[in-house]
Amino acid sequence: MKVTFWLLEINSEPRDGKAELWLWGIAENGERVLIIDRNFVGYFYAVLAEGFDPAKVADEIRKAHNASIVKLEIAQRKLFGKSVQTLKVYCKNPDEIARLAKALREVEGIEECLEDDVRFTMQYLVSNNVVPCSWHEIDADEAENTLGVRADKIYLAKSTPKLLERHDTPALRILSFAMTCYSREGSPKPDRNPIVIISTATSNGEEKQFLAREDRDDKPLLEQFIGYVKKFDPDVIAGYGTNTTDWPYLKERSSNLGLRLCIDRACTEPHTSVYGHTSLTGIANLDLADFADEFPDIKVKTLPNLADYLGIMKTTQHPIIEDVDFADYWESKQKRETLKTFSSENARRVKGVTAALLDFAIQLSSLVGLPLDHVMTAAVGFRVEWFLIKHAQKIGELAPKRVEQPYRPYAGGIVLKPQAGLHANVAVLDFKSMYPNIMITYNLSPDTYVPPTEQEPPEGTFEAPEVKHRFRKQPAGFYKEVLTYLINTRNEIRTKMKTTDPKSTEYRILDARQKAVKVITNAAYGYAGWTGARWYRKPVAEAASAWGRHTILSAIKMAEQKGLRVIYGDTDSLFVAYEEKKTQELETQIKQELGLEIERDKLYTRIFFTEAKKRYAGLLPDGSLDIVGLEVIRGDWAEVAKKVQEHVLEIILKEQAPNKAADYVRGVIADLRQKKVPFRDLIIWKTLTKPVEEYKIKASHVEAAKALSRKGWKMTVGDKVGYVILAGEGRLYDRVKPYVFATYDEIDAEYYVTKQVVPAAARVLEFFGITEEELLKPQKKESGARSLMDFMHG
DNA sequence: GCGTTCAATGTACCT
DNA sequence: ACAGGTACATTGAACGCG
C-alpha cells in the first residue's frame, strides 16, 4: 500500500549483522507511523588511480574481502568537478564501512576512499533524496507492532520513499518542559541533589507540574513525569539548555534512583549522539538554547531573555529567580509558591519560544537535509556543508574528505575611515548579497580554480584583482550552481509571498523558508574560506574578497565622479550625502559596469560618526535610532552606561543640544553616587572564552568566575559571567564580585562614574567639545561650549 | 623603588 | 568548528629615572 508521511526523525537499528532504518513520521491522517526500511545497503567509494582497470581491481577486492562486501559497482563520478572512475563498495554491515575503506586504501590502484565518513542514516537520506521535515510517499506493507514501540502503525518499506513537492507541516504534538533542582552547594549534582519541580506545557493547552515530596524525595516526581510524557506521546520535546543540563541530569538521577528514563518511542533511554546533543528515538529533541545563538541582539542568553526578546513574556512583568536562590525559595513556604510560578512560567516560555521558532527550524531542516533535532545544534559550517553534500549527490559529485589544513589568513573587506561628526540626509547603499553574487559572476569554485602551474584553458578565465587567482569561465562551478539555485529559490519564495495572505499559515512557512535559504546563502562565502570545510579552497575565498574590494573601490570612484560625497563605507556598503538623481545614476552605472546590484537601504535624517570605524548612530525618518558598534549595543558594558549613551545620542540626533545632553549625564552621575541607580544596571557581563586556568592574565570576569567556582558553581567555556565592581584598594580584578553574591553597599560608584558612564557619554560628546572633565564637574559650564552648527557638515 | 609607557591579552562588535 | 577588519579596556612587563 501507499503511505504518505512527513519525516520527523530517523535512526538505524542493527539486525542480523546488518542495519535497518527506522523512519518516524506523521501520516496524512495524523497517525504516528514507523516505517522500517531493510532494503538499504551502506556504501563508500573507492576512487581508482589512473590507468588501472576497474574490473581487475574489483576482482582483487572481492577476493580479499568477500565476506563484508554485498555488491561492487563500477561508477563514474566527479571529484572537484573532475571525472573519476570509482568502485562503489556496498557493505553488509555499516559498522564495517570505515574499517573496509581503510583496508582498501592500501590496495594498489585505489587512490582514495570517499564517503566512508558519512554516517549511515545521513547516507540513507542523502543518497535516496529523503528529506527530514518533508513529505514523502512510500510503498509499504503494514506490519504488526511486535517491537513494543510507540506508534499507531508500523510499516515495512517496499520501495524508497519518494519526496513530494509540498512544504506544509502537520500538526505536531509538542511538550515543553522546565526543571528546577535543589542544591545548597552550587550547581546541582545528580548524585546528591534532587529535582524538586518539573513543569510542563503542551501544544494542546495542558499545563502540569510535578513536585518532589516534602522530604525532597524526587522518585515519585520522576515516575510521574516519565508516565506523563509516555501518555502524551510528543513528537517534539522542547526545553532550554536540555542537551547540556536537563537530559544528562534526568538520566543520571533516574539511574541513581533505580528508574529507567525511557520516554522515547522505542522505550530506550536518551542517548548522547554526535555534536554533543541528546537523541530521543522517534522524537525531535529541541534545545532552545541552540536557537538563542540566532539572535545576536540577546547578549545574555537565558530562557527569560529569549522569551522577552521574542515578545512572549516580559521579564519586567514576570520576574526571574536566580539559580543561587532556588534552595532558599524551596525551603520557605511562601517563596516556594513563587518558585513554582517561576517554573511553570518557564515551561510556558519554552512553549512560546518553540511556537515562534519551530517554523524556521523545520524549514532549515528540510533545506539542508539534517534531521530537525540536529539542525539547530549543528554549527553554521555544517549546515552549509550538508546542504552542499545533498546537492553534490544530485550531480554525481563525491563529497571530498575533510583534510586538516593549516590556518592561513587572507585579506578581507575594505573599511573606510568615516568623516567624523554630524551629517544630514545620508543614504546607505548596499550591494545585494555581494559575496554570493561575486562568486556567481566570476564562477569562483574549487572545481573551476586554475592553479598558477596550469595553462590558460581555451574557454578563458576570470582573473581576480590583486591576488591574481584564475577561475575557468565555463562550465558553471559547484558554488555557482548552488548559489544560483539558492538565490532563485529565495526570489521565487518571495514572489509567492506577495500573493499570499500575510496572516496565513502558508505565508508564515514561506517566510521561515526564505529566511532559511538566506542564512545558507550568506554563509557560503565564509564556508569556502573555512579550513575545516570539505570544499575549502583558499583562493576561492581570497578571490571573492579581492573582487569585493575592487567592487567597492570602483563604486566609490563612480560616486565621486558624479559628485556624490562618500562619508563612510564598510565591505559592501557606501554611505553618501544623499542626492536622489545622482544616486539613481550610480545604481545604474554599477549594474552596467560591475554586473552587481546596489540598493538604497536606509536614509538617515541625521547620522553621527566618531573618529572610529564601525561605530555610528543614525536617526531614521520615523524617529527611531540606529546604533551601530557603540557601547549601547555592547553586552560587556553596564546598563547604566549604555542607557546614558543612548539618551545622549538621542538628544544629539534629535535636538542637537550637546549641553542638554551633558547636563543629563551629570544628573545620572549624581544619581549613581547617591546609589539611586538600580543595582541590575551595574552588572557587567563577559563571556568565559576558555577554561579558567588557561588565562594568561588576571581578568575581572575570570576572577568572578573563580569566586562562583569556589561556591560550587560549575563554570564552563561559553558561560557569561555577571559581576559588579566593589569599592576598595588594588587592581580591578581584586575588586570584583559575582553580582548574585554582592550587595549594593559594597559597590564602587566611582568606578561606574569614571570608567563606564563618563567614557560612554564622552565618546559622543567629546566631538562637541565636551570633555570627560567637564562631565565630571557638577555644574554645567555655559561659556566655551560652541553652537551645534559649528559641528555640522555640509 | 616608583610612576609611565606600551605591547599583549581579551572581548565584542561590523559586514 | 563560516570569513576578516576593527575598537577598546585592562594587564603586566619593560622602561626611565638617577
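Residue numbers begin at 1 in each chain, while the letters A, B, ... track the order of the sequences.
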Counting side-chain heavy atoms from C-beta on, which of [options] comes nearest to [X]?
X	options	result
A:Tyr751	C:dT10, C:dC8, C:dC2	C:dT10
A:Ala523	C:dC2, C:dA7, B:dA12	C:dC2
A:Glu631	B:dT11, C:dC8, B:dC14	C:dC8
A:Tyr525	C:dA7, C:dA3, C:dA1	C:dA3
A:Arg634	C:dA1, B:dC14, B:dT11	B:dT11
A:Thr687	C:dA1, C:dA9, B:dA12	B:dA12
A:Ala411	C:dG5, C:dT10, B:dT11	C:dG5
A:Lys614	C:dG12, C:dG4, B:dA12	C:dG4
A:Tyr733	C:dT11, C:dG5, B:dC13	C:dT11
A:Ala379	C:dG12, C:dG4, C:dC2	C:dC2

Check: Is there a donor-acceptor contact under 3.5 Å linking the side chains of A:Thr687 and A:Lys720?
Finding: yes

Within this structure, what is the [atom1]-to-[atom2] distance between [X] and [N], rounded to whole angstrom?
X	N	atom1	atom2	value
A:Ile627	B:dC14	CD1	P	11 Å
A:Leu732	C:dT11	CG	C1'	10 Å
A:Lys696	C:dT10	NZ	P	21 Å
A:Ile697	C:dG12	CD1	C1'	8 Å
A:Lys698	B:dG10	NZ	P	14 Å
A:Arg534	C:dC2	CZ	P	14 Å
A:Lys642	C:dA9	NZ	P	15 Å
A:Tyr527	C:dG4	OH	C1'	19 Å

Margin query: Would you call the rings of A:Tyr527 and A:Tyr479 parallel, tilted or perpendicular, taking 30° and 60° as the class edges?
Written below: perpendicular

Notebook entry, point to check: Which class fits the ring pair A:Tyr604 and A:Phe575: parallel under 30°, tilted 30 to 60°, perpendicular over 60°?
Noted result: parallel

Margin query: Ring centres under 6.0 Å, that's the criterion: do A:Trp685 and A:Tyr739 meet it?
Written below: yes

Check: How about A:Phe471 and A:Phe462: are their ring centres within less than 6.0 Å of each other?
Finding: no

Categorize [X] for me: base, sugar-phosphate, or nothing, with a 4.0 angstrom heavy-atom threshold over every strand shown.
X	answer
A:Gly635	sugar-phosphate
A:Val628	sugar-phosphate
A:Gly381	sugar-phosphate
A:Ile633	sugar-phosphate

Check: Would A:Lys602 and A:Asp626 satisfy salt bridge (Lys or Arg N to Asp or Glu O under 4.0 Å), going step by step from the backbone distance to the final call?
Finding: CA-CA 10 Å; A:Lys602 284 165 177 165; A:Asp626 246 2; 2.9 Å; yes

Notebook entry, point to check: Considering heavy-atom distances to DNA chain C, does A:Ala699 or A:Arg408 have its closest nucleotide positioned more toward the 5' end?
Noted result: A:Arg408

Notebook entry, point to check: Taking for each residue the nucleotide of DNA chain C with the nearest heavy atom, is it A:Thr531 or A:Glu611 whose nucleotide lies nearer the 5' end?
Noted result: A:Thr531

